[in-house]
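First comes the structure, then the notes that go with it.
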Amino acid sequence: MNFREFLEWLDRRGKLIHVRKPVSMRYEVAAILKSLDPKPVLFHNVKEYPGWRVAGNVVGDRSRMAKVLGVSEDRLLERMAEALEARGEIEYVDDPPCQEVVVEEPGLDKIPFVIFGERDGGPYMSASIAVAHDPEYGFNASYHRFMRIDGRRMVGRIVPRHLHLFIERGARDVAIVVGAPPSFLVAAAMSPELGVSELGIASWIDGVRYARTITHGLPVPAEAEVVIEGRFTEDFHEEGPFIDATGTYDIVRMERVVEVERITMRRNPIFHVILGAGSEHRTLMGTPKEASILREASKVCEVLDVRLTPGGCGWLHAVIKIRKRREDDGRRAIEAAFKAHRSLKHVVVVDEDIDINDPTMVEWAIATRVQLDRDLILKPGERGSSLDPSADQVSRLTCKAGLDATIPLGVDREKFIRARIPGEGEVRLGELTGGG
Ligand SMILES: [Mn+2]
């Protein structure tokens with residue numbers, strides 16, 4: 001399924017909100033996406049960019065992500081963990097839809113970049129996936145926001161992961177995909193080990209096929225809406241501020257400038273916008289990490305489920321539900337979670353009777369099952385997320401902590417189990433007030 005087919009699928013189910021009134025890419029689109037979050041929205045008329053449509057909040061929740069992976073929601077993490085291990089082939093097609101329109105004199109000022117907030121460093125694209133090649137490690141696909149500098153140049157935030165390494169090793173050619181097939185949106189959000197291609201994972205998920213970019217022959221999804229072909233230059237430019245997953249402004253950094261060489265697109269293109277700190281951002285970013293934690297912690301104890309919680313920005317806080325068999329299962333799960341997700345800051349381990357989708361229940365477990373001198377693991381001086389304003393955002397040094405909120409073994413469990421009142425949950429207000 002390609003990007004517009006996914007929107008059509010949402011539309012058939014009555015989920016897609018069509019905004020036909022002209023809207024501005026300066027604040028207005030972002031404000032609407034935020035107000036309607038996580039509902040998917042298609043903007044038919046953007047004031048500054050005639051001819052474009054813009055879509056946001058697309059893969060905005062777990063059920064939509066499960067649909068992309070072809071499973072029910074309860075199998076989402078399991079399937080995602082399988083995808084992380086998958087090795088798919090990159091197959092090419094001729095005459096790809098993503099090259100229906102070829103712009104040889106590219107002007108980034110004609111592409112609907114967004115201004116999200118008042119302090120934004122410039123107009124941004126946020127659903128942009130960079131494809132690059134390394135002779136030893138193959139093809140990599142990863143999300144990077146890009147800020148427009150002028151008609152030919154932009155600057156992206158290249159966090160020190162695979163693409164960063166490729167550039168250090170000499171890679172300069174880049175293809176930036178916007179409006180990718182959902183399986184590619186999901187695969188590019190994963191962090192398989194170096195040398196495992198996210199492109200192969202996308203084709204494993206639902207058979208995505210690729211086109212070769214005209215300028216450099218890099219593989220991009222054949223049915224992508226827009227492809228920006230360019231090069232990383234030797235120039236650096238300020239990047240930021242930008243509202244990131246924490247909902248706070250990320251700091252300004254000097255980043256490498258990309259020069260655009262050619263733009264290709266489908267006819268009547270749809271530009272994808274990911275709202276920073278919105279549900280789509282957090283779902284795409286966080287769910288693959290939940291799967292990584294599930295996989296790693298399952299090596300040391302029986303893990304039933306994992307969530308990166310909304311209050312923890314879908315990134316910094318994990319809750320792990322286990323079936324406890326040994327006294328140190330909680331501690332083992334905590335250590336495994338930090339190993340699986342390097343940006344994780346706080347993790348809470350709970351028993352199987354706790355609903356990990358309910359923050360109140362998780363807090364209740366902390367309130368009634370924890371003694372901090374026994375159950376808290378503190379890990380100062382660790383390298384964590386660059387997004388956390390309370391940490392050192394340059395060195396990324398932070399204090400991590402794990403909390404084992406499981407019931408100790410060898411105690412009277414009855415003391416810890418939530419008491420139930422017979423008939424609770426079955427009361428119908430209408431029947432009580434109906435009179436008679
Ligand atoms: Mn990678």
Side-chain angles (χ1 to χ4, degrees), residues 59 65 68-69 77 79-91 126-146 156-178 180-206 208-210 213 216-221 224 227-228 230 232 244-245 255-256 258 274 281-296 308 315 339-344 383-387 396:
V59 188
M65 187 169 253
V68 174
L69 288 162
L77 297 189
R79 182 68 172 169
M80 186 82 76
E82 285 169 24
L84 274 167
E85 301 286 330
R87 308 285 184 271
E89 293 295 312
I90 298 177
E91 276 182 51
S126 55
S128 25
I129 298 170
V131 175
H133 180 254
D134 179 272
E136 188 179 345
Y137 299 123
F139 294 109
N140 194 74
S142 48
Y143 284 83
H144 304 273
R145 62 181 186 245
F146 286 92
R157 165 69 175 137
I158 313 297
V159 287
R161 289 201 289 256
H162 294 166
L163 177 60
H164 192 271
L165 176 72
F166 282 22
I167 295 168
E168 278 186 346
R169 287 164 56 89
R172 291 293 177 271
D173 300 345
V174 64
I176 295 156
V177 178
V178 181
S183 58
F184 191 83
L185 292 175
V186 170
M190 296 185 191
S191 310
E193 62 189 84
L194 188 61
V196 177
S197 179
E198 294 83 4
L199 288 80
I201 293 177
S203 63
W204 178 85
I205 293 172
D206 79 339
V208 167
R209 297 206 291 169
Y210 292 90
T213 59
H216 307 292
L218 287 167
V220 291
V227 179
I228 298 172
F232 286 102
D244 213 319
E255 295 277 355
R256 197 179 283 269
V258 169
I274 295 177
H281 187 188
R282 289 171 174 178
T283 303
L284 284 169
M285 198 168 155
T287 317
K289 290 296 178 190
E290 294 174 351
S292 299
I293 293 170
L294 177 74
R295 187 176 58 169
E296 199 61 35
L308 292 175
W315 192 241
K339 195 173 155 199
H341 177 20
R342 301 281 177 184
S343 295
L344 189 62
R383 209 167 285 266
S385 171
S386 65
L387 301 176
R396 310 209 313 276

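Reckoned from all heavy atoms, side chains included, excluding hydrogens, waters and symmetry mates. We count ligands from 1, going down the list as the structure has it; atoms in each ligand are counted the same way.
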For this session: Mind telling me whether Tyr137 and Phe166 have parallel, tilted or perpendicular rings, with 30° and 60° as the class edges?
Result: parallel
Exercise. Do Ser191 and Lys289 come within less than 4.5 Å of each other through their side chains, counting heavy atoms only?
Worked result: yes
Exercise. For the Mn ion (ligand 1), does an N/O/S atom of Ser142 lie at less than 2.8 Å?
Worked result: no
Problem set entry | Closest approach to the Mn ion (ligand 1) by Glu198, given as the N, O or S atom name | OE2
For this session: Answer yes when Asp244 and Arg157 have at least one side-chain N-carboxylate O distance shorter than 4.0 Å, and no when they do not.
Result: no
Seminar exercise, completed: Restricting His162 to its N/O/S atoms, the closest one to the Mn ion (ligand 1) is ND1
Problem set entry | Note, Glu290 side chain near Met80 side chain (heavy atom, < 4.5 Å) | no
